[in-house]
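See below for the structure under consideration.
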2 protein chains.
Amino acid sequence: MTASRSLRSPQGVSKQSYECVQKAARALGYVGNPLATSLSNRASDLIGVIVPSMTNAVFPEVLSGIAEEIEGTGLQPVFGVTEYDPEREYRIIRQMLSWRPAGLIVTGLDQPEETRALLRDADIPIVQIMDLDGDPVDCCVGISNFDAGKTMAEALLERGFRAFGYVGAVDVRARKRLDGFRYALAEHGLEFVSEKTTDAASSMVLGRRLTEEILLESPTLDCLYFSNDDMAAGGGFACMAQGISIPDAVAIVGFNGLEFVQALPCRMATSVSPRRGIGNRAAALIIARLGEKERPPAETTRLTPRIDLGAILRKE
Amino acid sequence: MTASRSLRSPQGVSKQSYECVQKAARALGYVGNPLATSLSNRASDLIGVIVPSMTNAVFPEVLSGIAEEIEGTGLQPVFGVTEYDPEREYRIIRQMLSWRPAGLIVTGLDQPEETRALLRDADIPIVQIMDLDGDPVDCCVGISNFDAGKTMAEALLERGFRAFGYVGAVDVRARKRLDGFRYALAEHGLEFVSEKTTDAASSMVLGRRLTEEILLESPTLDCLYFSNDDMAAGGGFACMAQGISIPDAVAIVGFNGLEFVQALPCRMATSVSPRRGIGNRAAALIIARLGEKERPPAETTRLTPRIDLGAILRKE
DNA sequence: CTGAAAGCGCTAACAT
DNA sequence: ATGTTAGCGCTTTCAG
């Protein structure tokens, strides 16, 4: 017992036995067994993180923000990837909960009711991230995707673009951006000239293919809005390969503001999403709730993407 | 006890009590506690996977190969990201082991001795992946990076290229490819005209910047070998931005054969690494070792990357 | 400040 | 086929 105490709370143990235990532990190469600790405490130091994908660079960056924030707290992140499959998401969350994590960070607000119930009944802090347009189970950190789309559309309209096309791999948050974008267009009496969507996973290859198609069908477009930067880059490549001038003939607009956008040989506009900050904040919320016995009130943090028009010039 | 039995091994329990238990479990929404099970069994259903990075698309693909293979086995992958930091790698492995995983998949063969000792003493199957050039602790699945570099150099030499430059974010496996490449050059009495390396993390942005530098310093290069596809794409972008013709003026050569290479508006050569297959095989090795009480003999699986010259034409 | 007792939820081994 | 006992390694509680 004295040993157990020495190894975590130096107070309550005489300096003598404390040092004795430390020395012995080191000599024996003692490593605590978190299974036993968690079983006894009915809680672990795990913090579960559920994201839909790893191939979209946004999520690794969120994870990295989380890792950064919990550094030194003794908490340990555990990742789950749903591949945008609600069924799989349910299973992953269910079994993460069975390890009694200290908290859960889940991507998005649009879980099916069964999953929401699971989260609600778990007696640990839950933080939903990346989205604000919906009804959080507990805490929430993200941006309004609707507003992001709307704001970007307004900025482009203000620059004089008029003939918009949309190219997207439509996940639920991209759809909200699309809705916002469409809303802003409607306010100006406009609508998309053409839309090309699929529910396949977003990628540069997909972006390129769909862009080739849409350009063929609608040669009058002056601005293409994409579901994210990967799709947009693919679209840019399609234009470059066909000798279509960017942004003079067609402007390319993505979402996320990933680093690689800076490397591209063509200009494109994007909204820089605060994904690292989202990770930081989500982790901070859980850390703040660590000691509390009563579950503190839910908190929602609204962050705002920064629009980067990437030197797209005003249309005449 | 009958309940416990009913929930995992239907045999050894009367049909009657079995169904009774199942019904009750369902009614109560019973979920087993893996903490207790693992504590009792001194082993969990976790399978730890340690990769250096998530921002390089190769690793998500390896993970996906692992996930694919363990689907339905009841095993559950747990990921750790080292950020290429041996210190962090040690900590992560150490604490993964404390959860008594069924096996560990670790990237690379070049762990420091302290880490190797940790792995050796863990009484579970260990699979080191992605590399073959070195001394595995237990099982090993990967490619020879040295050979990959050497083979690519030979293919390029055969095509008539003579003035090579190297641009790399040098991690340990990229360095082995570089060594192999250099070895092949030497066999032809050649060496790199110019090399540009850094230990920063690879990215398109970095590839672009370093390429701009090397082109300025060595305008006579006819072929640029990069540490991977991201760097190579950045290099391609640098050339395109400067109006340097690819592959006529300079050929671009990457490594990995990631999907996005197909989307690029310029041709580039690459070695297609079998990363999904590596994930599959690594997981299969651990699954095969699940029941065994004696640790079966170590197995090494050699896979081979496929060279894709990307329609780089023969130089005159 | 230290230790003895009991229990976290489960399972292997041994009765019955 | 089922139940009993003991123990996985740790912590909380309560006595000393």
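All values below were derived from every heavy atom in this structure, side-chain atoms included, with hydrogens, water molecules and symmetry-related copies excluded. Letters go in sequence order (proteins before strands), and every chain restarts at 1.
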Worksheet entry | Boundaries of the DNA chain D segment in contact with chain B, non-hydrogen, under 4.0 Å |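 So the outermost contacting nucleotides come out as D:dA1 to D:dG9.
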Worksheet entry | Side-chain donor/acceptor of B:Asn280 to backbone N/O of B:Gly65, under 3.5 Å |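 Confirmed, B:Asn280 side chain pairs with B:Gly65 backbone.
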Results of side chain to side chain contact (heavy atoms under 4.5 Å, CB included) for [X] - residues two or more places apart only:
| X | result |
| --- | --- |
| A:Ala122 | A:Leu97, A:Ile124 |
| B:Arg100 | A:Asn33, A:Leu35 |
| B:Leu109 | B:Gln128, B:Asp131, B:Pro136, B:Cys140 |
| A:Glu87 | A:Asp85, A:Arg91 |

Fill in: Summary of protein contacts for nucleotides 5-16 of chain C, nucleotide by nucleotide, where a base hit scores B, a sugar-phosphate-only hit scores S (4.0 Å, heavy atoms)
--BBBBSB----
Worksheet entry | Contacts of B:Ser64 that satisfy side-chain hydrogen bond (donor to acceptor under 3.5 Å, both in side chains) - sequence neighbours left out |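 In terms of side-chain hydrogen bond (donor to acceptor under 3.5 Å, both in side chains), with neighbours along the sequence ignored, B:Ser64 is linked to B:Arg276.
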Worksheet entry | DNA chain C contacts made by residues 11-20 of chain A, counting heavy atoms under 4.0 Å |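 Those residues whose heavy atoms fall under 4.0 Å from DNA chain C, taken from residues 11-20 of chain A in numerical order, are A:Gly12, A:Val13, A:Ser14, A:Ser17.
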Item to complete: Could I get the full list of salt bridge (Lys or Arg N to Asp or Glu O under 4.0 Å) partners for A:Arg275, not counting sequence neighbours?
Response: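 For A:Arg275, the residues satisfying salt bridge (Lys or Arg N to Asp or Glu O under 4.0 Å) (neighbours in sequence not counted) are A:Glu61.
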Discussion item. Tell me the bend of the helix from C:dC1-D:dG16 to C:dT16-D:dA1 as the angle between end helix axes, each from five pairs, rounded to the nearest 10 degrees.
Written reply: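 For the helix from C:dC1-D:dG16 to C:dT16-D:dA1, the axes at opposite ends meet at about 40°.
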Fill in: Electrostatic pair B:Arg281-B:Glu299, nearest N-O below 4.0 angstrom
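Result for this pair is yes, salt bridge flagged.
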Worksheet entry | Any pair counted as side chain to side chain donor-acceptor pair (under 3.5 Å), so long as it reaches residues 19-31 of chain A, sequence neighbours left out |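 Matches after skipping sequence neighbours: A:Tyr18-A:Gln22.
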Item to complete: Determine which pairs satisfy side chain to side chain donor-acceptor pair (under 3.5 Å) with at least one residue from residues 40-58 of chain B, sequence neighbours left out, and list them in order.
Response: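 Counting only pairs at least two positions apart or across chains, the side chain to side chain donor-acceptor pair (under 3.5 Å) contacts touching residues 40-58 of chain B are B:Ser53-B:Thr55.
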Practice prompt. Answer yes if the side chains of B:Arg8 and B:Ser4 hold a donor-acceptor pair under 3.5 Å, and no otherwise.
Written response: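 Distance-only check passes for B:Arg8 and B:Ser4.
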Worksheet item: Between B:Ser203 and B:Asp230, does any side-chain donor sit less than 3.5 Å from a side-chain acceptor?
Response: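 Judged by distance alone, the side chains do not pair up.
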